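Note sheet for the following structure.
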Number of protein chains: 4
Amino acid sequence: MAALQKSIDKRNALIQATIELVNNDGFHATPMSKIAKMASVSPATIYLYFDNKQDLVNKTYIEVKACYTAYAFETYDETMPVEYGFKVIWKRIAEFKIKESANALFLAQCDNTPMIDEASRQEGIKHLQPLLDLWARGKKEGIIKPLSDYLLYAYAINPLSFLMMAQNRGSIQLTQLELDQAYEAAWSSIKVCK
Amino acid sequence: MAALQKSIDKRNALIQATIELVNNDGFHATPMSKIAKMASVSPATIYLYFDNKQDLVNKTYIEVKACYTAYAFETYDETMPVEYGFKVIWKRIAEFKIKESANALFLAQCDNTPMIDEASRQEGIKHLQPLLDLWARGKKEGIIKPLSDYLLYAYAINPLSFLMMAQNRGSIQLTQLELDQAYEAAWSSIKVCK
Amino acid sequence: MAALQKSIDKRNALIQATIELVNNDGFHATPMSKIAKMASVSPATIYLYFDNKQDLVNKTYIEVKACYTAYAFETYDETMPVEYGFKVIWKRIAEFKIKESANALFLAQCDNTPMIDEASRQEGIKHLQPLLDLWARGKKEGIIKPLSDYLLYAYAINPLSFLMMAQNRGSIQLTQLELDQAYEAAWSSIKVCK
Amino acid sequence: MAALQKSIDKRNALIQATIELVNNDGFHATPMSKIAKMASVSPATIYLYFDNKQDLVNKTYIEVKACYTAYAFETYDETMPVEYGFKVIWKRIAEFKIKESANALFLAQCDNTPMIDEASRQEGIKHLQPLLDLWARGKKEGIIKPLSDYLLYAYAINPLSFLMMAQNRGSIQLTQLELDQAYEAAWSSIKVCK
DNA sequence: AATGAATGAGAGTTCATTCAT
DNA sequence: GATGAATGAACTCTCATTCAT
């Protein structure tokens with residue numbers, strides 16, 4: 001049991017180191033040796049847990065993405081009314097992007113570069129289903145505009161990534177006020193105007 | 001004059017090659033030798049035009065960003081009414097992202113990774129001023145919500161990047177209908193609701 | 001007793017795995033981990049039976065060489081007349097090279113590369129004595145040419161290695177006819193012509 | 001012209017270094033860095049002349065083999081009578097194995113291990129044709145036994161490799177006497193006995 | 001101005017060997 | 001005796017950069 005735990009710890013340390021270093025330097029500027037050092041293992045040890053560097057980022061991506069969606073839907077339940085449900089999810093996502101900014105940053109970088117292979121990208125997308133279901137419900141009820149999921153995501157969710165990155169770079173400070181304003185903008189963009 | 005032209009051609013070829021290769025493979029997976037080959041020059045020649053690899057991407061970024069803003073504001077003029085002016089700019093930006101998708105993709109990649117140094121990033125941002133002025137005007141006139149420029153950009157403009165990348169990856173097809181819907185969503189998110 | 005047997009089995013499995021893998025990939029292209037896997041033991045276990053990789057091949061060589069000579073002389077006895085005795089040994093050697101081609105191949109590879117240390121090479125040579133004695137007798141009786149043992153071996157025995165390797169590579173097929181012809185050539189080369 | 005010569009020199013130095021080091025240590029025990037050092041170039045330079053390590057040995061093999069056959073047939077001409085022609089070729093081959101023992105040793109090692117890929121092996125075999133033609137003639141004239149080329153080679157030529165290696169290891173000394181004896185043995189093994 | 005050849009430094013990865021269990 | 005996990009050292013190969021021409 002102790003041995004297994006040690007293995008899990010090492011794997012986790014490697015994942016964490018990957019996130020941090022890729023965030024700071026980018027994928028290709030991050031040598032395996034640096035990841036190993038930060039995780040306090042030998043470079044060779046990485047290869048006990050991952051096939052190669054590509055596999056390491058792929059798996060890291062999938063794991064972080066799973067974290068992200070789990071966090072997003074933790075307090076949501078499908079019986080909630082559409083507008084309220086959306087607010088619940090939106091706030092959780094915003095919280096994740098702010099509190100877990102390293103993770104969020106890593107996802108943003110992966111999603112905007114040829115760093116992750118297509119299979120892992122698909123794998124990562126799967127868990128968003130509850131949000132898509134909510135939107136479908138909202139559209140049927142005439143509360144949400146009849147737009148494609150991509151369009152809805154682009155306006156309702158994705159701007160948070162942009163804001164998170166701006167904050168991370170020190171360009172802005174996301175206070176509660178800004179978050180409320182952002183929510184308003186998000187909801188305005190997709191709700192049906194009466 | 002012919003000699004100067006040849007120089008400019010080479011520099012341009014290098015910039016183009018950089019954009020294309022970085023788009024496909026990412027910055028660090030793009031060797032200087034490959035850029036040289038695609039531009040039909042010797043690797044050594046790159047160093048006649050740029051200090052080093054970092055300088056090459058920085059300069060490429062600044063140049064593409066300048067292209068982008070020039071395109072964005074080409075048909076805009078400061079005497080236009082706020083809503084109309086915004087529409088004019090938004091459509092041009094959308095057009096750029098679709099017609100010049102290689103350039104747009106390159107910018108998106110730069111904006112989401114530690115690939116560009118901070119100075120170049122700042123340099124690239126400068127030319128957005130007309131849009132910020134328009135927004136200031138809109139806020140004063142009570143047409144646009146009193147939000148920070150970053151928030152406005154996040155909701156009014158940035159989603160286009162997300163959509164462009166989704167289209168580039170083959171996930172969606174941006175027809176005129178989708179573009180009109182996107183514009184509606186963008187404008188809804190920042191306009192003051194009466 | 002059962003425990004001892006298990007030990008012997010493991011040692012043998014390691015020796016067999018070494019032969020097969022070295023035959024296919026060569027000494028240095030054969031990792032200890034692969035040998036261990038093929039022998040169904042842990043890499044660490046190899047070091048309970050052998051000092052290190054070099055020791056493993058050395059001991060394998062010596063063991064296979066002992067097999068080879070034991071096989072060669074099994075049906076020979078020193079009272080046989082020279083020509084008949086030679087034929088008996090030659091046929092057994094030919095049989096070994098064909099029936100035990102993995103072993104024979106391994107010896108050929110060892111004998112032609114700096115893979116085995118000199119001590120083991122000497123150790124392996126010792127058991128050929130009966131053949132050298134036969135030749136000495138044959139020379140005394142004026143039946144075999146008065147050549148050095150190396151010369152006799154080069155023409156009477158060694159060509160079989162070449163033929164075995166050609167067959168192994170699929171270049172030729174050694175039927176009974178070819179073997180008889182080979183024997184004739186071998187005997188012609190060393191017998192005294194009357 | 002001078003630049004081209006320098007290139008050729010470097011390539012040759014690399015080939016020579018490869019031969020010497022592989023002879024002493026074997027293929028896989030010879031790191032590229034050692035080859036580079038012995039040829040007085042940077043490790044990276046090797047890759048300007050060869051695709052990779054495998055390509056380096058393959059090309060070395062082909063080049064040495066070409067040397068070997070060129071040497072073998074230099075003084076031979078197809079109008080010579082069979083026995084005399086064979087003697088001429090045999091002596092040249094023997095001379096090559098003794099005078100160019102490094103080259104000969106290298107070929108022997110390549111021919112007995114999975115070090116060279118099959119294509120290069122085939123490529124290397126091509127230039128032996130004149131010898132095969134001679135044998136065909138000898139067989140037609142009833143001078144040489146009607147054996148397959150492989151059998152003839154195994155007895156007439158290949159033993160020289162064994163002898164050369166024994167001499168190289170210091171086990172024997174090939175004087176003129178031994179060479180004459182070897183020739184006699186070779187010829188005896190393939191000539192038709194009257 | 002332009003280059004092809006050259007390279008030092010460092011990348012990802014493997015492997016013989018060890019050690020705690 | 002047996003092991004799986006761990007690793008330092010060494011491997012092949014790449015690449016940003018330089019330099020003689």
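Not measured: the values here are computed from a predicted model. Here is how names work: the chains are called A, B, and so on, in the same order as the sequence lines, proteins then strands, and each is numbered from 1.
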Under the side-chain contact (heavy atoms from CB on, under 4.5 Å) test, residues paired with C:Ala102 that sit two or more places apart: C:Ile19, C:Asn23
C:Ile46 CD1 to F:dG1 P, in whole Å, measures 16 Å
What residues, two or more places apart in sequence or in another chain, satisfy side-chain contact (heavy atoms from CB on, under 4.5 Å) together with C:Ser42? C:Ala44, C:Thr45
Short side-chain N/O contact from D:Thr45 to OP1 or OP2 of E:dA6, under 4.0 Å: no
Whichever of D:Lys53 and C:Tyr49 has the more 5' nearest nucleotide on DNA chain F, that residue is C:Tyr49
Name all residues meeting the side-chain hydrogen bond (donor to acceptor under 3.5 Å, both in side chains) criterion together with A:Asn24; count only those two or more places apart in sequence or in a different chain, and write none if there are none. none
Pairs touching residues 27-37 of chain A that satisfy side-chain hydrogen bond (donor to acceptor under 3.5 Å, both in side chains), sequence neighbours left out: A:Asp25-A:Lys34
Selected nucleotide, minimal atom distance to D:Asn52 side chain, candidates E:dA2, E:dT13, F:dC13: F:dC13
Checking D:Ala17 now: which residues fulfil side-chain contact (heavy atoms from CB on, under 4.5 Å) with it, not counting sequence neighbours? D:Ile35, D:Met38, D:Ala39
Tell me every residue that passes salt bridge (charged side-chain N to carboxylate O under 4.0 Å, His left out) with A:Lys10, counting only those two or more places apart in sequence or in another chain. none
Give, ordered by number, those residues of residues 8-37 of chain A having at least one heavy-atom distance below 4.0 Å to an atom of DNA chain F; if nothing qualifies, reply none. A:Lys10
Would you mind reading off the distance between D:Gln54 atom CD and F:dC11 atom C1', rounded to a whole angstrom? 15 Å
Whole angstroms only, please: what is the CG-P distance between A:Leu56 and E:dA11? 15 Å
By side-chain contact (heavy atoms from CB on, under 4.5 Å), C:Ile62 pairs with (sequence neighbours left out) C:Ser120, C:Glu123
Close N/O contacts between protein and nucleotides 18-21 of chain F (under 3.5 Å):
none

Residue pairs meeting salt bridge (Lys or Arg N to Asp or Glu O under 4.0 Å), one or both in residues 38-58 of chain D, sequence neighbours left out, come to D:Asp55-D:Lys59
Could you state the atom-to-atom distance from CG of D:Leu48 to P of F:dT14 in whole Å? 11 Å
How do A:Ser40 and C:Ser40 order along DNA chain F: which one's closest nucleotide is nearer the 5' end? C:Ser40
Between A:Asp111 and B:Arg169, does at least one N-O distance fall below 4.0 Å, as a salt bridge requires? no
Let me check I have this right: for DNA chain F, each base becomes ., (, ), [, ] or |, based on Watson-Crick or G-U pairs with both distances under 3.5 Å. What is the full string? .||||||||||||||||||||
Taking salt bridge (charged side-chain N to carboxylate O under 4.0 Å, His left out) as the test, write out the residues that go with D:Glu100, two or more places apart. none
Over 12 foreign heavy atoms within 6.0 Å of CD, D:Glu63: yes
